[in-house]
Structures are given as structure tokens and as C-alpha cells.
Amino acid sequence: MIICLTAHCLPAHSQAVLALLFGNKVSNPNLSLGIHVGLEMSNLTNTPGANVLPGLALGAYTNIKFSSKWSLSNYFIFKSPRGAASVPLAYQIQPNVPDAEAANLRRKLTYLEISPLPRYNFTPELSLAAGPQFAIKVVSKDIYKSTLTDGGQETLVYNLKDNYNWLDVDAAADLQYAFYKGNGVRLNLRFSQGLTNIYNDKVPFNAKNQYFQIGVGIPISTGASK
């Protein structure tokens, strides 16, 4: 977590800070780290009629190499956007919303996500990872947007944190291509499927998170020899 927050908050000075924290371990050629940015397209299962909700994922990664074929990719995403757009009113949680029938309902969820994914390298550049994800809910809002008779827009936002479970457990698969024989910028295509109900017992229906992500990993130099 320290590595990831440092990489995000102090990109220009991250190498120096990491060196102070970990000393010579930062120069380990089997350890790589960087910033991860992804375009996320999320949806909710068991919610027919809902549309995909786009969002931007932000975080960092570390990669620990065990052999030429196997490594462990750890992702710490401090902003993982999930949810769905155009949610049918049959699945609304907040009662008595004014003019809800004329509004578009967007369910916006944000999680802090940790993903320890074992990775198999087919070549130094191409690899596939799969494993568990653990996400902690930090934002859960229903947003109602409607067009007024004068052409203006009205937005009603409801914070529904008490209607959601705080922990979400998922399974993920991640296909990666890394330039410069695995040492450069990384392109990732990830699919994540939720395994647990996002709602708690106060909600009479259930759903699981699901998303596709196109990501870019930007490595941070650790001082390791090339």
C-alpha cells in the first residue's frame, strides 16, 4: 500500500522515497512497480435493462518475478469505478424520489481494490494472470437525472451506503503485453466477475459487479540493471 500511494502521489520523487523506505531492496531486478490507469466499463448482473457505465480506474502495481515463466502481479486500485447506467426503476433503492419516472437512474459505486494475481509469461512480453480481487466500498450513490420543461437539467443524488455490503469479492483474468521485453509500458485487458452480492439484507434483490478494463501500466525505475 505504501508503494502504491507513493507512486501515485509523488511520481517525480517516488524512486528516492522508495529507496529511503526499502534501501537496496528497491534495486532488486525481480521487483518492478509502476502506476496503473484504466478505462473501466462496468455493469451489474441480475439487472436487465441497465447499460454499461464507463469510468476511470487509478492505482498502482508491483510485480514480483519468481522465474522466467511465473510472477505475482499485485494491483492496488484506490479508485475502481463500478455500477451501471440507465438502471430500471424496478431496481431503485431510494423510495419516493420526485419525478423518478422521468429520470435516468445511474448507480455509481467506487471501490478500493486489491488484486494479487499469479501471472504466467508465455513470452517476456505476453502474459496471462488470474486470481482473486478484494474490494472495499467507499462510494455508493444513486443519481437521478431528468430534463425540465424549460430544457434545463435536474440532478438528485442519494447516498445509499447503508444498503450495500462493504466488501466485494471477485475473480479476475488479466491479459498483458509489456514492451521492451517485458520491462516497458504494459497494456492490459482485464475482465472481473463479482462473486458476492453487492447489496445487504435491506435490499430485496441482489446483483454482482462485473467489468471490462483496458489499462496502461507505466513503470517506475527502481534502479535495477537492465
Side-chain angles (χ1 to χ4, degrees), residues 4 8 35-61 75-115 117 130-147 153-174 188-216:
C4 297
H8 171 68
I35 299 171
H36 182 82
V37 180
L39 174 61
E40 207 156 278
M41 308 295 290
S42 62
N43 209 336
L44 297 173
T45 65
N46 299 325
T47 315
N51 293 333
V52 169
L53 180 66
L56 186 65
L58 299 172
Y61 69 87
Y75 290 88
F76 176 77
I77 308 300
F78 53 85
K79 180 181 179 293
S80 177
R82 307 185 188 184
S86 302
V87 176
L89 292 183
Y91 298 95
Q92 70 176 342
I93 300 174
Q94 179 67 33
N96 304 319
V97 176
D99 300 320
E101 296 77 8
N104 181 282
L105 171 56
R106 181 175 60 176
R107 185 148 292 160
K108 182 178 180 180
L109 308 173
T110 305
Y111 289 81
L112 186 154
E113 179 184 282
I114 301 173
S115 309
L117 304 180
Q133 286 187 161
F134 305 96
I136 299 173
K137 178 184 63 65
V138 292
V139 173
S140 50
K141 295 180 180 180
D142 274 6
I143 303 172
Y144 292 79
K145 285 190 175 183
S146 57
T147 302
Q153 295 287 325
E154 182 181 55
T155 301
L156 298 176
V157 180
Y158 294 91
N159 189 337
L160 302 174
K161 63 180 181 178
D162 294 334
N163 297 96
Y164 288 82
N165 291 317
W166 67 273
L167 178 65
D168 188 40
V169 180
D170 318 304
D174 183 278
N188 298 81
L189 180 62
R190 180 179 298 188
F191 174 71
S192 173
Q193 173 61 59
L195 302 177
T196 56
N197 183 16
I198 63 172
Y199 305 115
N200 60 25
D201 295 338
K202 296 181 180 180
V203 180
F205 39 84
N206 64 78
K208 298 174 182 178
N209 281 308
Q210 188 180 77
Y211 71 75
F212 283 96
Q213 184 193 105
I214 299 175
V216 178

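What you see is a predicted model; the values in this text were computed from it and never measured.
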When rounded to the nearest 0.5 angstrom, what is the spacing between CG in L109 and CG in L44? 6.5 Å
Do we see a donor-acceptor contact under 3.5 Å between the side chains of [X] and [Y]?
{"X": "N209", "Y": "D170", "result": "no"}
{"X": "Q153", "Y": "T147", "result": "yes"}
{"X": "Y144", "Y": "Q94", "result": "no"}
{"X": "S192", "Y": "Q213", "result": "no"}

Assess the pair F76 and Y61: is the distance between their ring centroids shorter than 6.0 Å? no
Decide if atom CG of L39 counts as having more than 12 heavy atoms of other residues, nucleotides or ligands within a radius under 6.0 Å. yes
Assess R82 against Y211: is NZ or CZ under 6.0 Å from the centre of the six-membered ring, and within 45 degrees of the ring's axis? no
Answer yes or no for R107 and Y91: cation-pi contact, defined as NZ/CZ to six-membered ring centre under 6.0 Å and angle to ring axis within 45°. no
Tell me which one of Q133, K208, Q210 satisfies side chain to side chain donor-acceptor pair (under 3.5 Å) with Q193. Q210
Determine the interplanar angle of the F205 and Y199 rings, folded into 0 to 90°, and report it as parallel if under 30°, tilted if 30 to 60°, perpendicular if over 60°. perpendicular
Is there a donor-acceptor pair under 3.5 Å between the side chain of N165 and the backbone N or O of L167? no
